[in-house]
Structure formats: structure tokens, C-alpha cells
Amino acid sequence: MVQAVMDKQFEQAAGRESILSVRDLTVGFGDNIVLDKLNLDVLRGEILGFVGASGTGKSVLMRTVLRLLPKRSGTIKILGAEYDKVSEEERIALDMRLGVLFQHGALFSALTVRENIQVPMREYLDLPQELMDELARLKIELVGLAPEAAEKYPSELSGGMIKRAALARALALDPDLVFLDEPTSGLDPIGAAEFDELIAKLRDTLGLTVYMVTHDLDSLFSVCDRIAVLGQKRVLVEGTIEDMLACDEPWVKSYFRGKRARAIVREHG
Amino acid sequence: MKDQDHVTRKPSQKAADVVLAEADGETGRRYVFSGDWRHQSAEAMSDKLKRLGKPAGGRNEFDFSGITGMDTAGAWIIRRFMNGLGSENGGEVRFAGGGERYVELVRALPKELRQPERSKRKDPLFQRLFAPIGEVTVSIWTDTVAAMYILGSAVRGAQMKLGRHAGVSPAAIVHQIDRMGVMATPIITLMSFLIGAIIAQQGAFQLRSFGAEIFVVDLVGILQLREIGVLLTAIMIAGRSGSAITAEIGSMKMREEVDALKVMGLSPVGVLVFPRLVALTIVLPLLTIIANFAALAGAALVAWSYSGITIPTFLARLQEAVDFSSVAAGMIKAPFMALIIGVVAAVEGLKVGGSAESLGRRVTSSVVKSIFVVILIDGLFAMFYAAIDF
């Protein structure tokens, strides 16, 4: 599996379709070009870890892919469709197949966790209330929250619980592609490890594809199939963790072979 | 390589179905599932499985080979059915005939959903009837205490902090004066001009039948200077600046900025409330003066065009009708009203909780309460002036 992912040519030969493909993307604000002719592929069923120094535009890329920011040029294809060229209905159908976990959760503060999860369900699915309640409880169970959390408001939850609740909402419609913005930041190591396991488990059972912006070396080592490094306004390198460890790019080198990383490498053998 | 297309949303050709293929074969009952088990068919399938019933125990076999698609909604319905057949009734369920990835999905779901503990016991009628009254009474008391605290802090000084100079920040106060006063000038001027004109027109129209149109000057002068000027300005400022104060302090409270100030040893009242309170107290009397001039100008214009009272006549009459006490009676009220608007807005702002909804509620109640209290105070002043014959 790991070998197969390493070589892109081989992948396409093996028939793994690219679920998100970004070509020659340029994004800028005023005179400041943040991303310049960036290319990126996310393959179906993989967990892609996305790293980069602060301020290199990781969030800008994610927000551009999600159409929250305008792009200057280039194409973004999600699930085989180009956002700019599809009709309004198809766009909604596409949105239904994406789930987003924002960095600070972005739960609706006036709704309980259960109501938050049911917002997309109510909007898009035609289900009886009873079944919707059960599904909401199911998602809460899947992300490892206590059932009591269902009736709590976001302001009553801890940081880790907010992340889990936000993940449950991102999964409400069984999306194909989930964007996670620093899912383990602010969690204790045990909570972060549990969260990583949870994401891997959901990938295996629900067939998710995960695009994860993270700085957590543990996540990168333990759950990510592939890693892409953003720097100098483009994707510097992409590949498996072994590729990263072998890479000679100075920033990548100091990131993956720094003091903290070495300890984790030892631990993961 | 693992195939993971089982959640793709390509429209399936076949609708979901389930049939009881073999009632009592050697492997027990055999259920054959087929088609597209996604949320679109969830309701129908849930009913169908219910109709198939819950035979007690025995051996069961699930065949998933005909399934073309499944999401968590479909998987959960099957899981629920399976739970009904399974352990609960002493039966067992076996999967046969392929569709491994769907089996995996169904297996990954929890056996049961834990119900949240509900502690919703109903209070007795007596309690439900009178509890809100008590709550309101207590909240009025706590509001008053909070208002007194803020007022006291403001009187005591800006920061109540030892070691540094007084801590009054002139820049903050000037900034607030600019926002609450200078920027409010155009709207206050326009509003008062119109109010003065309207009162003059209505007064002139009524007084015309007595041939006493000249007294419209007395009417507008006294009414505007004693009551309307300060009252409407205060109401306008309550809506304009009171709501802004509540929203600013409230959103800072929501994002823990108020707590950040506290742990730095700074008093939120000193840093946030004091400059606004001072600015309001300076600005409201000044705006009242502007409002009075604008209203008299509006009245003079209408008196001239509608009743033919020339401007010199208007001014001469005004000088006779209005004495110092009329002007003072209005102006004295302005700082009090400013303090009330500021204190109510700050109290409400500091009560904001965690949600966006509570911010909206607090801003509303800030404006409503301050307008109400402003009118109440105006009434008290009227009684007081009458009693001392001012």
C-alpha cells in the first residue's frame, strides 16, 4: 500500500482516482501572492497530512478549495467536477459530499450539539425526526462523545469535546471528502492520539478521504498515508513519511528530523 | 487495493429492498438485502424491517451481496434490526454471501445507543407559577447591585490600581467622544430639526382657531428645552451608543477578552466601561444643546412659512417665553440620562454568555431597559421640578 502510494504514475495505473485535484492555482491579496501555480492531488481513501510553516498559506489553500476565498487563476476539481463550471444544483450536491472541521469548531453557539449535527440533515435529507435523532446519537457515539453531550451547548463543552462535536457535524451527511483544520491542536496527547485513531477508523469504515492540515508530528507519523509540504507558494514535496525523512529540503529536514521528530521516529520504530 | 467506493453518491440503479428468502432453512432464517441502502430509502426500509418483525431468537443469516451502496443511515437501520434479532432475543446473526465492506460498516456501528440521562422531573405547579416572579425579583436586585458597582467604580476612578498614575486614558475618552458624539451630530441635528418643525406646525394649526398663533413660540420653546430635547436625544443615544457598548463589551466577554484583562490585574470596568461612561456624560449634554438649537431652527422655519411669524418676531417672543430655568431644567437631566444609558449598557454587556443568541438578547434588553429608565427618570424629574417650583 505504502509503496503503491509513493509513485503517482503507478497509482493512476492502479486506478486510484484523484478525489481533489488542484492545478496551477494562484491566490493572492492585492500585491501579495500567497500561492503561485500550486498543484496538489488527494487520492480517494487516503489521509493526506498537510504541513507548512505558519503563514505559508495552508489555511488559504483550504479556504480557496472550499470557495471561501477567490482564486486568481487555475482549476480546482473536487470529486471529478470543476466547481466553477457546474450548475447550482450540482454545486449543492457537491457541497453535500464535503465535510469541514474548522480549527475552532465553528459550532453554532445557539444550538445544542444534537441540533448542530442535525442542521445539514434537516437541510438536505428527508428523514423522520426519530430516525434523525438516532442518527445524531450514532454520530455522537462514533466520534466518542458521551451521550449526555448531545443536549449541551457549545459553550458548555471542553476544547476536545468541541473538536469531536464539530467532527460529528462534518460527518453528518457521510461525506466523501473531509477537511480537517488542525484537528488535534489544543488536545492533550492522549486525546490527540484517540482522535487520530478515530479518524483512521472512520476512514476504514466509512471510506472517507481526509485532507488534514496539521502540525502534530504524531498524527503525521501514525495516521497519514501521504504528506504534502507547503512552502515557497507551492507544494514543496509530497510523499510518504519515509520520503519526508529522506528529503534534503532545509525546512522539511528541520521539521521531520528536528529534536522532537527524532523522538517520535524512535518511538514509531 | 481496497475498494472504497461504497459511499459514492452515483445514483444507484436499484432501489433498496430486503426479503426473507428462507424462513426455516438449515441455517435458520435468511434475509437477502439488495439495492441502494442510503438515506433516500431509509424511512421505507426502516418500516419494512419493522414489518418483518422480531422473531424470537434462532439463527439468522444476512446476505449483503446484492447491496450497491450504503451510508451510515442505511447501516444503522440494519444494525438496529440486527440488534433486535441478536443478543436481546438470544438469537445469533451470521453474515454470508459477500459484500464485506458493508458488513464491516454495519459491524463498526455501536450495538446500542446510550440514552442520555434525563433529569427532567416536573416541578409542582405552585413552584412553576411563582419561580419566574422570584427569578425576576432576584435579577432586578442583582442588576441594581451590578449597576451600583459600575457606578461606584467609575466614581472611584478609572483603574483602582496602585503604583501607577491614575490610569485615566485621555486618548480612549477622546476616541469615544468622537464615536458617540461627533459622529452622532448629523442624525441628532436632523431628527431634532424635524421634531421642532412638526411640533410648531401642529401647535400653530391648533392655536390658529384661537387666534393665538404667536404662542406656538412659547409651546415649542418650553417643550423642547424642558422635555423633548433631552429626552429624544437620550433615546437616540441609547439606541445608537448604548447598543454599541453592550455589543462591544459582550463580544469581548464571549471571547474571554474580559477575563484576559482581569488576570492582567486590570479592572474591566476601569478599562472598558469608564472611558465610555465619561464620554457619554460629556457628549449627551452637548448633543442636547445642538438638538435644542436645531429644533428651534426647525420651529422658526415652520412658524415663518406656515404662520407668517417672521424670524425677528420669533426670536423676540422666544426671549420672553423662555427663561434660564427652562434651559437649565432640561440640561440638568442630560448627564443623569447619560450615566443611566452607560451603566445599563455595561451591565448588560457583562452579562453576555457563550452564545451569539445571548449577545443579541443582551443588546435588545440593553436598549429597551435604558430607554425605559430614561423615560422613568424624566418623569421623576418632572415631579421634582413641580414640587420645588423650578
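These numbers were taken from a predicted model, which means no experiment stands behind them. The sequence lines fix the lettering, A, B, ..., with proteins before strands; numbering per chain opens at 1.
Looking at E134(A), the atoms closer than 4.5 Å to chain B (heavy atoms on both sides) sit in the backbone and in the side chain alike. In this structure, the portion of S155(A) lying under 4.5 Å from any heavy atom of chain B is its side chain and not its backbone.
Defined by atom type and a distance below 3.5 Å, a donor-acceptor pair is present between the side-chain atoms of K139(A) and T72(B). Defined by atom type and a distance below 3.5 Å, a donor-acceptor pair is present between the side-chain atoms of E348(B) and S365(B).
Looking at Y211(A) and L40(A), their side chains come closer than 4.5 Å, going by heavy atoms from C-beta outward.
Listed options L135(A), L142(A), L138(A) were ranked by heavy-atom pairs under 4.5 angstrom with chain B; first place goes to L138(A).
R226(A) forms no cation-pi arrangement with F50(A), by the criterion of a distance under 6.0 Å to the ring centre and an angle within 45° of the ring axis.
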